[in-house]
2 protein chains.
Amino acid sequence: MGVSNESKVPPMAAPDVNVASCPSRLILEHVTSRWGVLVLAALTDGTRRFSELRRTVGGVSEKMLAQTLQTLERDGFVHRQAHPVIPPHVDYSLTPIGEEAARQVWSLARWVESRVPDVMAARDSYEKAKQGR
Amino acid sequence: MGVSNESKVPPMAAPDVNVASCPSRLILEHVTSRWGVLVLAALTDGTRRFSELRRTVGGVSEKMLAQTLQTLERDGFVHRQAHPVIPPHVDYSLTPIGEEAARQVWSLARWVESRVPDVMAARDSYEKAKQGR
DNA sequence: CAGGATCCAGTACGATACTG
DNA sequence: CAGTATCGTACTGGATCCTG
C-alpha cells in the first residue's frame, strides 16, 4: 500500500481530546473494564490470592489478571501484600477507596442480575418487532 | 482463509465458558462498556438526538455510537423514537429500566470524579515505590 | 440527518514457555 | 506459586464513503 507518501496525509490521527485530557474517563475505564469489574467484585468478599482470584473470576488468563491487578493497584484500589517465602505467596485486598469502588460496581452487578429476565424479554420483543417490518 | 488445514489446529479457539453461559456478564459488559457508560450518563439529562449525543459524549465515532445505541435498545435500556420526516429525526431516551441502570452508572461516574485526586496521589506513590527497588 | 457498508490500524486478549 | 516475556489472533473502534 501507499509506498509514496506524497499525498498521504494521515487524517489527523484522531484527536481523542476527551480521553486524553480527561483522567476520570481513564479511571472509569479501569474499574468498569471487563476484568476490573469482576476482580473488584471478587475482592469484596475479602483477601484473595492470585490463583484464588483466577478461579473465582473464571475465564481470565494469567496475563490479564496480572495486568488488571497492577492497574488497580496503581490507581490505589487494590493492596498487594507479597510474603517473601518459597513458594511465593501474595495476597490481594481492597484499600478503603477500593472498597468504595467495589461497592458501586458490585451494586451495579447485583442490579444487573436482578434484571436479567427483563432484558431477555426486551430482546425478545425487539426481535419480534424486526420481523414485523 | 485457511487453505490447508492439515495440521492447522487453531488452539482450541478459547472456550470462554463463563462469558457464553452467563447472560448477566454480557449485559454488564454492555452498560459498563466504554461508550455505554457515557451514553447512559448523557441520556440521564433527558431525550437526545443522535448528533446531540455525538457532541455530548465527545470523541465517539458514528459507528460506535450507533452500535452502542442499538445494543442498549436491544437490551431494553434505551427507547428509540424515529420520526418519519425529511431530514430524518430520531430521538433517544431512557426506558424506566434504563433510568435505573443510568442511576447506577452515573453514581459510579460521579464517585470516580470525586476521587480523581486520590487516584493521582496513589499513582504518584506507586511510581515512587518502584524507584526505591 | 441518521445510519449502513467497508476498510484498516491498534490493541486487547489468550496460549505457551520460562523465571525466581 | 506468582508472575514475566513472547507470539499470534480476533476483535474493537475509527475513518470514509454511500444511501434514504
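For the numbers below, each heavy atom of this structure counts, side chains included, while hydrogens, waters and symmetry mates do not. Chain letters run A, B, ... following the sequence lines, proteins first and then strands; every chain starts at 1.
Atom-to-atom, CD of E52(A) to P of dG3(D) comes out at 13 Å; the value is rounded to the nearest Å. E29(B) has its CD atom 13 Å from the C1' atom of dC11(D), to the nearest Å.
Annotation: proximity of residues 38-46 of chain B to DNA chain C (heavy atom, distance under 4.0 Å) is found for no residue. Listed in residue order, the members of residues 88-95 of chain A having a heavy atom less than 4.0 Å from DNA chain D are P88(A), V90(A), Y92(A). Only E62(A), K63(A), Q70(A), R80(A), listed by number, bring a heavy atom of residues 61-86 of chain A to less than 4.0 angstrom from any atom of DNA chain D.
Annotation: the span from T47(B) atom OG1 to L94(B) atom CG amounts to 8.5 Å, rounded to 0.5 Å. Interatomic distance, CD1 of I27(A) versus SG of C22(A), reported as 8.5 Å (0.5 Å rounding). From L40(B), atom CG reaches atom NE2 of H30(B) across 12.0 Å, with rounding to the nearest 0.5 Å. In this structure, L38(B) CG and L53(B) CG are separated by 11.0 Å, a value rounded to the nearest 0.5 Å. Rounding to the nearest 0.5 angstrom, the gap separating the CG atom in L43(B) from the CD atom in E99(B) is 10.0 Å.
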(Q) For a side chain to side chain contact (heavy atoms under 4.5 Å, CB included) check, start with the C-alpha distance between V78(B) and T95(B), then their side-chain angles and the critical distance, and finish with the verdict. (A) CA-CA 5 Å; V78(B) 162; T95(B) 63; 5.8 Å; no
Q | Criterion side chain to side chain contact (heavy atoms under 4.5 Å, CB included) on Q81(B) and V90(B), from CA distance to verdict | A | CA-CA 6 Å; Q81(B) 173 83 343; V90(B) 182; 6.0 Å; no
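For residues 73-82 of chain B, the pairs satisfying salt bridge (Lys or Arg N to Asp or Glu O under 4.0 Å) are R123(A)-D75(B), E127(A)-R74(B), with sequence neighbours left out. Applying the ring-ring contact (aromatic ring centres under 6.0 Å, His included) test to every pair with at least one member in residues 41-81 of chain A, sequence neighbours left out, gives no pairs at all.
With the end axes of the helix from dC1(C)-dG20(D) to dG20(C)-dC1(D) each set by five pairs, the angle from one to the other reads 40° at 10° resolution.
With sequence neighbours excluded, the residues satisfying side-chain contact (heavy atoms from CB on, under 4.5 Å) with H89(B) are R49(B), H83(B), V85(B), D91(B). Checked against salt bridge (charged side-chain N to carboxylate O under 4.0 Å, His left out), D45(A) has no partners two or more places apart in sequence or in another chain.
Here R34(B) reaches the OP1 or OP2 of dG14(D): one of its side-chain N or O atoms lies under 4.0 Å away. Using a 4.0 Å cut-off, no side-chain N or O of R49(B) falls inside it from OP1 or OP2 of dC1(C).
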Compile the donor-acceptor pairs under 3.5 Å between side chains in residues 55-65 of chain A and protein atoms, sequence neighbours left out, one pair per line.
from: T56(A); atom 1: OG1; to: E52(A); atom 2: O; distance (Å): 2.8
from: S61(A); atom 1: OG; to: M64(A); atom 2: N; distance (Å): 3.3

Can you give each donor-acceptor pair under 3.5 Å made by side-chain atoms of residues 105-114 of chain A, sequence neighbours left out, with the distance rounded to 0.1 Å?
from: S107(A); atom 1: OG; to: Q104(B); atom 2: OE1; distance (Å): 2.8
from: W111(A); atom 1: NE1; to: E100(B); atom 2: OE1; distance (Å): 2.6
from: S114(A); atom 1: OG; to: W111(A); atom 2: O; distance (Å): 2.6

